Amino acid sequence: MITMNDLLGLLTNPDRIRIFRGDEEVFTGFVAYVNGTFQGEDMQSIGLTGEEPVKKYRAVPEIRHKEWKERGLMEPMMPAEMEEYSFSDLMMSLYHVITI
């Protein structure tokens, strides 16, 4: 079975991840936040050791309108990142969803 450390070793710092323990969301953000390369954050700061077995992995695209709030649409997973990239009126991000 693959562990969190094994899977994160295959991803890169700017990759977006969402980590769930069962149905509970543990973390949403960039790999750099949990591998210790960004502002001293690491897996221990979100309550993980890295040895947790990965039960499920999916790559999930998120497509949202950049004016989601003004139009009363569903909030994106990371609203602060909305202006990073866009094409016309939409923005797409790819999240690696990991369930432990």
Side-chain angles (χ1 to χ4, degrees):
M1 176 155 283
I2 192 168
T3 67
M4 281 293 301
N5 283 335
D6 295 334
L7 183 57
L8 292 176
L10 299 173
L11 302 175
T12 61
N13 285 341
D15 288 336
R16 297 168 188 262
I17 58 173
R18 296 183 77 197
I19 302 172
F20 289 86
R21 179 178 280 124
D23 291 334
E24 176 193 358
E25 186 170 2
V26 176
F27 176 79
T28 295
F30 297 97
V31 170
Y33 286 108
V34 294
N35 72 6
T37 59
F38 185 80
Q39 297 180 351
E41 296 287 330
D42 58 19
M43 275 194 266
Q44 286 75 30
S45 66
I46 58 171
L48 301 176
T49 66
E51 296 305 315
E52 294 82 4
V54 174
K55 296 178 181 174
K56 187 176 181 181
Y57 167 80
R58 294 179 41 209
V60 178
E62 176 192 38
I63 300 174
R64 295 286 186 261
H65 196 285
K66 65 183 178 181
E67 296 174 0
W68 62 272
K69 190 179 285 186
E70 296 84 356
R71 296 174 181 241
L73 302 172
M74 185 185 305
E75 179 177 347
M77 289 180 241
M78 294 176 63
E81 302 295 327
M82 279 304 292
E83 297 302 318
E84 186 176 342
Y85 302 102
S86 64
F87 47 94
S88 187
D89 295 326
L90 302 177
M91 181 189 149
M92 181 179 141
S93 298
L94 180 67
Y95 285 85
H96 300 275
V97 179
I98 304 163
T99 303
I100 55 175

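As a basis for the values below, the full set of heavy atoms in this structure was taken, side chains included, without hydrogen atoms, waters or symmetry mates. Computed from a predicted model, the values in this text were never measured in an experiment. In this chain, numbering begins with 1 at the start of the sequence shown.
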To the nearest 0.5 Å, what is the distance between CZ (F27) and CZ (R21)? 14.0 Å
Residues forming a side chain to side chain donor-acceptor pair (under 3.5 Å) with E24, sequence neighbours excluded: none
How long is the gap from CG on L8 to CD1 on I19, to the nearest 0.5 Å? 6.0 Å
Kindly indicate, with the supporting measurements, whether the criterion side-chain contact (heavy atoms from CB on, under 4.5 Å) is fulfilled by M1 and V54. CA-CA 7 Å; M1 176 155 283; V54 174; 5.8 Å; no
Looking at CD1 of I98 and CZ of F20, how far apart are the two atoms once the value is rounded to the nearest 0.5 Å? 10.5 Å
Nearest 0.5 Å, what's the NZ-CD1 distance between K55 and I2? 15.0 Å
Distance (rounded to the nearest 0.5 Å) between L48 CG and N5 CG: 9.5 Å
Candidates L11, L10, L7 - the one meeting side-chain contact (heavy atoms from CB on, under 4.5 Å) with V31: L11
Are any non-hydrogen side-chain atoms of F30 and N13 less than 4.5 angstrom apart? no
Quick one: ring-ring contact (aromatic ring centres under 6.0 Å, His included) partners of Y57, sequence neighbours excluded? H96
Is there side-chain contact between T49 and M43, with at least one heavy-atom pair below 4.5 Å? no
Point-to-point distance, once rounded to the nearest 0.5 Å, from CG of N35 to CE of M4: 10.5 Å
